[in-house]
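Residue numbers begin at 1 in each chain, while the letters A, B, ... track the order of the sequences. Computed from a prediction, not measured in an experiment: that's the story for all the values here.
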There are 2 protein chains.
Amino acid sequence: MQDAPNRPYHHGDLRRAVIETALDMLAEEKGWQFTLREVARRAGVSHAAPYKHFPDKAALLAELAMIGFDRLRETLSATKSEAPKTLHDEIAPISRAYVAFGTDNPALYRLMFSAGEEKAEGVHLNQRALAVFDVALEILRRGQAAGSIRKRPIEGQAAAWWGLIHGMTMLAIDGLLVPEKVGSAPLDAALGTLVEGLANPAT
Amino acid sequence: MQDAPNRPYHHGDLRRAVIETALDMLAEEKGWQFTLREVARRAGVSHAAPYKHFPDKAALLAELAMIGFDRLRETLSATKSEAPKTLHDEIAPISRAYVAFGTDNPALYRLMFSAGEEKAEGVHLNQRALAVFDVALEILRRGQAAGSIRKRPIEGQAAAWWGLIHGMTMLAIDGLLVPEKVGSAPLDAALGTLVEGLANPAT
DNA sequence: ACTCCAATGTAGACAGGAGAAACTTTCGCT
DNA sequence: AGCGAAAGTTTCTCCTGTCTACATTGGAGT
């Protein structure tokens, strides 16, 4: 730890720094297989220092995943559909924002849905994930109240939205949406089909 | 390696045995984080023996993922919808079979969509994945030819199917389809919405 | 202002995994 | 029989996660 000879013994805000560094590394790589020691190295502290702030690596991963869910939720909440004349106008922007978040942060998005396997932390993690779902659920609920969405249970229809968007995001990250197989604009096509399925035929 | 004192020096079919053992371990655990050495131990060989058959761990993982895709494709191909009177009858069985495959083999299914990040093996892997997609694509194509599916590009509509089913499978594996949030039968609901979106309104 | 403690860092050790190298045993062929 | 290569084994190196013992220092209480 002799990089900056005049760096103080105590970092001051190592917890934050570790998280920042880890997020940076997630942004650089495709997989989330970074090592805790590398994070410590980049943060300029000893390899054991992070253990003063996280009980183990899984805890850091869980923390990162939670941050990811929070950011995604904020992103979706901040996405407002302007001039929502049709149901498609209502749903498409938030859906595109969701998929874009995933393709822009592939390693983080993957981690968000992989860190839950570990322990009881998965419960908290799932709460954050479901908070993301709530954003879409609320929009759809309003759409149904306005009469543009079918009168089926809105939870089930929202589940269809989440499944479709989550699935498309994952497939996109995995490079499986190749134009030869799936057409040139698979997300547009899928959104079109989804909207037809949600739309109230009575109107 | 003194378990069975009269075991021959050469295993005879270690490649197969390693794959079998790894698949067994995949079936036991939720994550796919098994160690190569543990596989070797279970197979009763030294920890270096598997390297005679796989260049590295990633190669074994890729092989397992390919097997997974092949099994899934076979499962779907073997799922025939009996008495397909409606479009729903046509699509629901294969969709349910897909999701069931995922929830029955969560670790394997996860691995299938995680092993591709590594190298150029991802290309072969994606081919196998797309072969799964082809099964559904063909069914939908026939449905469109029969007039029960909208006259939009079938690739895009098939993409919607894959996205939705893959997404629901992943969410189910992650335990995110909690009834309080998403209703008691989210897959049924999502399939209902999907079928409405695919169905040709002219008929 | 001074002291002392708990929080925060560091160094070092340990177990265990991936993978490479060098050696050994056997299989299959001639 | 004999030999080359395939398939296993042992051993070694490097690295990681995590634990323990020790060092430093900011800050609360006097």
Side-chain angles (χ1 to χ4, degrees), chain A residues 1-22 25-26 28-29 31-65 107 111 114-115 117-119 121, chain B residues 1-22 24-26 28-29 31-65 107 111 114-115 117-121:
Chain A
M1 307 294 98
Q2 61 287 42
D3 262 8
N6 42 2
R7 186 175 19 70
Y9 189 86
H10 284 97
H11 182 286
D13 198 11
L14 184 55
R15 179 170 228 274
R16 194 92 49 191
V18 164
I19 291 175
E20 289 302 326
T21 307
M25 294 174 66
L26 279 181
E28 291 169 16
E29 308 178 22
W32 48 274
Q33 307 304 343
F34 63 81
T35 113
L36 204 47
R37 285 169 111 104
E38 173 69 16
V39 174
R41 245 170 268 146
R42 288 222 207 179
V45 294
S46 78
H47 58 91
Y51 283 91
K52 299 291 172 172
H53 301 273
F54 303 93
D56 54 15
K57 188 180 179 180
L60 172 58
L61 293 178
E63 180 85 31
L64 295 172
L111 172 62
S114 303
E117 324 169 21
E118 321 289 330
K119 315 209 162 174
E121 289 140 340
Chain B
M1 307 299 98
Q2 62 285 40
D3 262 8
N6 43 3
R7 187 176 17 70
Y9 188 89
H10 282 97
H11 183 288
D13 199 12
L14 184 55
R15 178 170 229 276
R16 193 91 50 191
V18 163
I19 290 175
E20 290 302 326
T21 307
D24 285 351
M25 295 175 64
L26 238 29
E28 291 170 14
E29 309 180 21
W32 47 274
Q33 306 305 341
F34 62 82
T35 123
L36 202 45
R37 286 166 112 99
E38 173 69 15
V39 173
R41 243 170 269 144
R42 288 221 207 179
V45 295
S46 77
H47 60 86
Y51 285 95
K52 298 291 171 176
H53 301 275
F54 303 94
D56 55 15
K57 188 179 178 180
L60 172 59
L61 293 178
E63 180 85 31
L64 296 172
L111 172 62
S114 305
E117 325 168 19
E118 320 290 328
K119 316 211 161 173
E121 289 141 339

Query - A:R16 CZ: over 12 foreign heavy atoms closer than 6.0 Å - result: no
Query raised in the report: Nearest-Å distance, CD (B:E38) to P (C:dG19)?
Result: 17 Å
Requested in this report: Could you check how far CZ of B:R42 sits from P of C:dG17, rounded to whole Å?
Outcome: 13 Å
Query raised in the report: How is B:K57 classified with respect to the nucleic acid when contacts are heavy atoms under 4.0 Å: base, sugar-phosphate, or nothing?
Result: sugar-phosphate
Report task. Please report, rounded to the nearest Å, how far the C1' atom of D:dA6 is from the NE2 atom of B:H53. Result -> 9 Å
Query raised in the report: Want to settle it: does A:L36 or B:D13 sit nearer the 5' end of DNA chain D, counting the closest nucleotide to each?
Result: B:D13
Query raised in the report: B:A48 has a side chain; which of C:dA11, C:dT8, D:dT10 sits nearest to it?
Result: D:dT10
Query raised in the report: In chain order, what residues pass the side-chain hydrogen bond (donor to acceptor under 3.5 Å, both in side chains) check against A:Q33, with sequence neighbours excluded?
Result: none
Report task. Check the distance between D:dT18's C1' and A:K52's NZ and give it to me in whole angstrom. Result -> 12 Å
Query raised in the report: Roughly how many Å is it from CG in B:L14 to P in C:dT25, rounded to a whole number?
Result: 19 Å
Report task. Output yes when at least one side-chain N/O atom of A:R41 is less than 4.0 Å from OP1 or OP2 of D:dT16, else no. Result -> yes
Query raised in the report: For the side chain of B:D56, counting heavy atoms from C-beta on, which of D:dG8, D:dT9, C:dG19 is nearest?
Result: C:dG19
**Report entry** Any A:T35 side-chain N or O less than 4.0 Å from OP1/OP2 of D:dC15
**Finding:** no
Report summary line: Residues passing the side-chain contact (heavy atoms from CB on, under 4.5 Å) test with B:R37, sequence neighbours excluded, are B:T35, B:R41, B:H47
**Report entry** Heavy-atom pair with the smallest gap, counting every atom of B:V39 and B:T21
**Finding:** O-CG2, 3.9 Å
Requested in this report: Round to the nearest Å and state the distance from B:H47 atom NE2 to D:dT13 atom C1'.
Outcome: 12 Å
Query - Rounded distance in Å - CZ (A:F54) to C1' (D:dC19) - result: 19 Å
Requested in this report: Check B:A22 against B:F34 and note the closest heavy-atom contact, atom names and distance.
Outcome: CB-CZ, 4.1 Å
**Report entry** Nearest-angstrom distance from the residue atom CZ of B:R37 to C1' of C:dA15
**Finding:** 11 Å
